[in-house]
Amino acid sequence: METSQHWNKIYSEKSANEVSWTESEPSLSLEWIQKYNLPKNASIIDIGGGESVLVDALLNLGYTNLSVLDISEIALQKTKKRLGRKADNVRFIVSDILHFNPSQKYDLWHDRAVFHFLTAEAEREQYLKIVSNNTNNLVIGTFADTGPNKCSGLPVFKNTEASLTDFFKTDFKIVETKFVIHITPFNTKQDFVFGRFTAN
């Protein structure tokens, strides 16, 4: 099955409270994004945003230049419906991240959903190239080495705080890292590591 078909099937069959990655409040992401002290018109993109409520929270905080990218068109349609008229203030991009060719450079790149699905080294290197060319500030969350081996039936690539820092060190300097235990909607635990970076 094509990757887009896989994710469209999941989003068409399951609600937000039936998938493990749902956060009722993306508190760490919001805290770290605000630590950059960017102006409210800064361009921010959420990679693999799907049905995440991060975009809702950023809109409520007054940010005005937001983009959400996901491989699933169905996921983005659900988010548009949830946002209602506010969706007019968001740019929605349907794309596989490895084929993403941004039309702008973003002030901040956020990813809590995509990087750990890039299990091949060549895929991660392509991701690094895209990120490095298109932002100066990066907030990334990915499965920790103690996290799950699969998500939604797909294998994942896991990281420690050290390996995450090491991977991005050529183009970014680490500001801070954090180990996070995510409680899923069905009350199970998933271990994540988060990193906050700025360009070298």
Side-chain angles (χ1 to χ4, degrees), residues 1 3 6-7 9-11 13-36 45-55 57 68-72 75 96-98 108-132 135 137-198:
M1 182 183 292
T3 307
H6 174 85
W7 290 110
K9 184 173 188 293
I10 287 172
Y11 280 108
E13 294 178 351
K14 295 186 177 184
S15 63
N17 63 1
E18 293 176 311
V19 291
S20 64
W21 54 85
T22 295
E23 288 182 298
S24 58
E25 183 181 351
S27 53
L28 181 62
S29 294
L30 288 171
E31 176 190 338
W32 280 12
I33 288 170
Q34 291 178 89
K35 279 186 175 182
Y36 287 103
I45 187 167
D46 187 17
I47 302 298
E51 286 189 89
S52 169
V53 296
L54 178 64
V55 66
V68 181
L69 177 145
D70 203 278
I71 198 169
S72 170
D96 182 322
I97 187 58
L98 298 178
L108 189 144
W109 179 291
H110 175 272
D111 176 0
R112 182 187 164 265
V114 174
F115 185 63
H116 48 232
F117 286 110
L118 306 179
T119 55
E121 184 177 355
E123 293 174 332
R124 293 191 297 278
E125 291 296 333
Q126 173 69 2
Y127 181 95
L128 178 60
K129 181 180 178 181
I130 295 169
V131 174
S132 300
T135 195
N137 301 297
L138 169 65
V139 173
I140 189 162
T142 189
F143 284 133
D145 59 335
T146 52
N149 294 317
K150 285 189 173 184
C151 181
S152 297
L154 297 177
V156 297
F157 182 81
K158 301 189 287 186
N159 274 277
T160 62
E161 292 174 69
S163 68
L164 188 65
T165 299
D166 187 65
F167 180 76
F168 288 99
K169 70 180 181 182
T170 301
D171 299 293
F172 293 90
K173 59 184 177 184
I174 187 67
V175 178
E176 57 187 317
T177 61
K178 188 169 185 178
F179 176 84
V180 175
I181 299 175
H182 166 61
I183 306 299
T184 72
F186 18 95
N187 208 34
T188 58
K189 296 179 180 180
Q190 290 181 335
D191 295 347
F192 276 75
V193 291
F194 275 73
R196 186 163 79 89
F197 300 83
T198 58

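Quick note: residue numbers are just sequence positions, from 1.
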### Query
Quick one: side chain to side chain contact (heavy atoms under 4.5 Å, CB included) partners of Asn137, sequence neighbours excluded?
Tyr36, Leu38, Leu108, Thr198

### Query
In chain order, what residues pass the ring-ring contact (aromatic ring centres under 6.0 Å, His included) check against Phe197, with sequence neighbours excluded?
Phe168

### Message
Would Lys158 and Val193 count as a side-chain contact (heavy atoms from CB on, under 4.5 Å) here? Give the steps.
### Response
CA-CA 9 Å; Lys158 301 189 287 186; Val193 291; over 6 Å; no

### Message
Does Phe115 form a ring-ring contact (aromatic ring centres under 6.0 Å, His included) with Phe167? I'd like the steps, not just the answer.
### Response
CA-CA 12 Å; Phe115 185 63; Phe167 180 76; 5.4 Å; yes

### Message
To check you understand the geometry: which heavy-atom pair defines the closest contact between Val156 and Lys150, and what is its length?
### Response
CG2-N, 4.1 Å

#### Entry: Sub-4.5 Å side-chain heavy-atom contact between Leu69 and Ile45
yes

### Query
Rounded to the nearest 0.5 Å, how far apart are CG of Asp145 and OG of Ser163?
7.5 Å

### Message
Tell me the closest heavy-atom pair linking Phe157 and Thr119, and the distance in Å.
### Response
N-CG2, 3.9 Å

### Message
Between Phe192 and Phe143, is the ring-ring contact (aromatic ring centres under 6.0 Å, His included) condition met? List the steps.
### Response
CA-CA 4 Å; Phe192 276 75; Phe143 284 133; 4.9 Å; yes

### Query
With a 4.5 Å heavy-atom cut-off, do Arg112 and Asp46 have their side chains touching?
no

### Query
Taking all non-hydrogen atoms of both residues, which atom of Gly50 and which atom of Val68 are closest, and how far apart?
N-CG1, 4.2 Å

### Query
Looking only at heavy atoms, what is the nearest atom pair of Asp70 and Ala75, with distance?
OD1-CB, 4.2 Å

### Message
If you compare all heavy atoms of Ile47 against all heavy atoms of Asp111, which two are closest, and at what distance to 0.1 Å?
### Response
O-OD1, 3.8 Å

### Task
Could you tell me the separation between the NE2 atom of His6 and the OG atom of Ser72, rounded to the nearest 0.5 Å?
10.5 Å

### Query
What's the spacing between Asp191 CG and Thr142 OG1 if we round to 0.5 Å?
12.0 Å

### Task
Would you check if Ile183 and Lys189 make a side-chain contact, meaning some heavy-atom pair closer than 4.5 Å?
yes

### Message
Going by salt bridge (Lys or Arg N to Asp or Glu O under 4.0 Å), name the residues that satisfy it together with Lys35, two or more places apart in sequence or in a different chain.
### Response
Glu31, Glu176

#### Entry: Minimum-distance pair of heavy atoms, taken over all atoms of Val114 and Gly48
CG2-CA, 3.5 Å

### Task
Output the distance between atom CG (Leu98) and atom NZ (Lys129), rounded to the nearest 0.5 Å.
12.0 Å

### Task
Taking the side chain as every heavy atom from C-beta outward, state whether Ile140 and Leu164 have any pair of such atoms under 4.5 Å apart.
yes

### Query
Do His110 and Ser29 touch side chain to side chain, with heavy atoms closer than 4.5 Å?
yes

### Task
Working to the nearest 0.5 Å, report the span between CG of Leu138 and CD1 of Ile174.
8.5 Å

### Message
Pair Arg124, Leu128 - check side-chain contact (heavy atoms from CB on, under 4.5 Å), show working.
### Response
CA-CA 6 Å; Arg124 293 191 297 278; Leu128 178 60; over 6 Å; no

#### Entry: Gap separating the CG atom of Asp166 from the OG1 atom of Thr160, nearest 0.5 angstrom
8.5 Å

#### Entry: Whether Thr135 side chain and Val131 backbone form a donor-acceptor pair below 3.5 Å
no

